[in-house]
Amino acid sequence: MGGTPKRMEDFAHYIMQEIGYKIPTGTKLMDISQYSYRYCLYKVGPVLSVSHGMGPSSISILLHEIIKLMYHAKCKDPIFFRIGTCGGIGIEGGTVVISDNALDGLQDNNYAVATLGKLVKRPARLDKKLVRELQALAHSDDPYDTVTGTTMCTSDFYEGQGRLDGAFCEYTEADKMAFLKNLKEKHNVTNIEMEIIPFAALTHHAGIRAAVVCVALLDRLRGDQVATPKEVMNEWQLRPQILIARYIKKYLQNKGRISFDGHGSIAVKSPRRFKLVQQESQSIE
Ligand SMILES: O=P(O)(O)O[C@H]1O[C@H](CO)[C@@H](O)[C@H]1O
Ligand SMILES: O=c1cc[nH]c(=O)[nH]1
């Protein structure tokens with residue numbers, strides 16, 4: 001999954017080519033969800049490519065629906081990926097970041113949702129092994145860096161990310177820089193985006209392995225505006241897709257029963273059923 005319908009339509013076509021999936025002659029890939037007018041959804045064999053919009057609320061709704069869909073479709077061991085864009089902190093534009101930890105705008109690593117008038121918190125955890133597997137698939141001859149780091153999730157692009165160029169701004173450049181440097185130095189934050197907290201929390205709650213791979217559109221220590229030309233940004237947005245396609249290809253070549261140990265060798269593991277948790281104490285298999 002990723003933010004925009006266009007990216008996820010492109011990914012559907014790209015992954016179809018990468019895994020050699022054929023659809024019947026005379027047919028074409030369709031957006032199964034086109035009449036929802038909310039998200040796009042493409043199915044390419046064992047891969048679903050779906051857009052989630054912007055921000056925690058949007059992805060949270062989508063995740064509830066996709067987790068239910070996986071459950072009713074009796075999927076075993078699904079893996080969820082978010083392929084996105086982000087602002088980097090102290091990294092070059094074009095760098096790919098695999099998230100190994102998630103924090104919200106208050107540097108908490110829980111997803112807090114007001115539920116029946118009370119704040120319910122769920123831990124936002126990512127699968128560290130999946131992070132290592134993905135990092136092992138970055139090629140040394142890729143013409144860009146692929147790094148691992150903590151990702152901050154905000155519910156706003158402007159004030160939420162300390163930008164000075166929104167409609168309102170009641171802090172100074174110095175305040176912003178102090179905030180960003182503190183994120184980097186004290187909390188090891190490498191990048192900022194807007195969905196990782198619900199993504200990590202809801203997949204973890206369901207027992208689904210999940211990872212977030214984003215390309216940095218800029219270095220926030222150098223500015224706020226995304227001034228990179230469109231063609232360059234479009235090329236950058238392919239980078240997370242390339243990494244995830246490498247993973248999917250390797251996974252399918254090994255019949256879905258593999259794990260990478262980070263050194264190129266493969267270990268067989270048994271498939272798991274994931275949980276659809278309906279109440280805290282009750283999980284349905
Ligand atoms: O490029 P996507 O996947 O939308 O991700 C990032 O871009 C959007 C903000 O421009 C937010 O959704 C943020 O998380
Ligand atoms: O700075 C950025 C760039 C992309 N997405 C974000 O959320 N922030």
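Just so you know, ligand 1 is whichever comes first in the structure, and atom 1 is the first atom listed for that ligand. In what follows, every heavy atom counts, from backbone to side chain, and hydrogens, waters and symmetry copies are set aside. Remember, it's a predicted structure, so these values are computed and weren't measured experimentally.
- Closest to atom 4 (O) of ligand 1 among all protein heavy atoms lies Gly3 CA, 3.4 Å.
- Taking every non-hydrogen atom of Cys86 and a distance limit under 4.0 Å, the qualifying atoms of ligand 2 come out as 2 (C), 3 (C), 4 (C), 5 (N).
- In this structure, atom 1 (O) of ligand 2 lies nearest to the protein heavy atom Arg163 NH2, 2.6 Å.
- When heavy-atom distances to ligand 2 are checked against a 4.0 Å cut-off, Gln225 has no atom that comes that close, whether in backbone or side chain.
- Distance check: Thr115 OG1 to Lys121 NZ gives 13.0 Å after rounding to the nearest 0.5 Å.
- Distances shorter than 4.0 angstrom occur between a heavy atom of Arg7 and an atom of ligand 1.
- Atom CD in Gln161 sits 9.0 Å away from atom CD1 in Ile89 (nearest 0.5 Å).
- At a threshold of 4.0 Å, the pair Glu133-Lys129 counts as salt-bridged, since one of the basic side-chain nitrogens sits closer than that to a carboxylate oxygen.
- By the 3.5 Å distance cut-off applied to N or O atoms, Met194 is counted among the residues near ligand 1.
- In summary, Asp224 and Lys176 engage in a salt bridge, as defined by a charged side-chain N under 4.0 Å from a carboxylate O.
- Judged purely by distance below 3.5 Å, without hydrogens or angles, the side chains of Tyr42 and Ser33 never pair a donor atom with an acceptor atom.
- Put simply, CZ on Phe81 and OG on Ser49 are 12.5 Å apart, with the number rounded to the nearest 0.5 Å.
- Among protein heavy atoms, the minimum distance from atom 7 (O) of ligand 2 is reached at Gln161 NE2, 2.9 Å.
- For the atom pair CG of Asp127 and CZ of Phe80, the computed distance is 13.5 Å after rounding to the nearest 0.5 Å.
- Within the 4.0 Å heavy-atom criterion, the part of Leu218 lying near ligand 2 is the side chain and not the backbone.
- For the pair Glu193 and Arg82, the salt-bridge criterion is met [side-chain N within less than 4.0 Å of a carboxylate O].
- Between Asp142 and Arg239, none of the side-chain N atoms (NZ, or NE/NH1/NH2) sits under 4.0 Å from a carboxylate O, so this pair counts as no salt bridge.
- Annotation for ligand 2: atoms under 4.0 Å from non-hydrogen atoms of Met194 are 7 (O).
- Within ligand 2, the atoms closer than 4.0 Å to a non-hydrogen atom of Ile192 are 6 (C), 7 (O), 8 (N), numbered from 1 in the order shown.
- Close approach of ligand 1 to Gly84 (heavy-atom distance below 4.0 Å) involves ligand atoms 3 (O).
- Of all protein heavy atoms, the one lying nearest to atom 2 (C) of ligand 2 is Gly87 N, 3.3 Å.
- Evaluated by nearest non-hydrogen atom to atom 11 (C) of ligand 1, the leading choice among Gln237, His52, Met8, Glu195 is Glu195.
- Considering each of Glu193, Gln161, Arg82, the one bringing a non-hydrogen atom nearest atom 5 (O) of ligand 1 is Arg82.
- If you check which protein heavy atom lies closest to atom 7 (O) of ligand 1, you get Thr85 OG1, 3.3 Å.
- Paired with Asp100 under the rule side chain to side chain contact (heavy atoms under 4.5 Å, CB included), one option of Leu130, Thr150, Leu126 passes, and it is Thr150.
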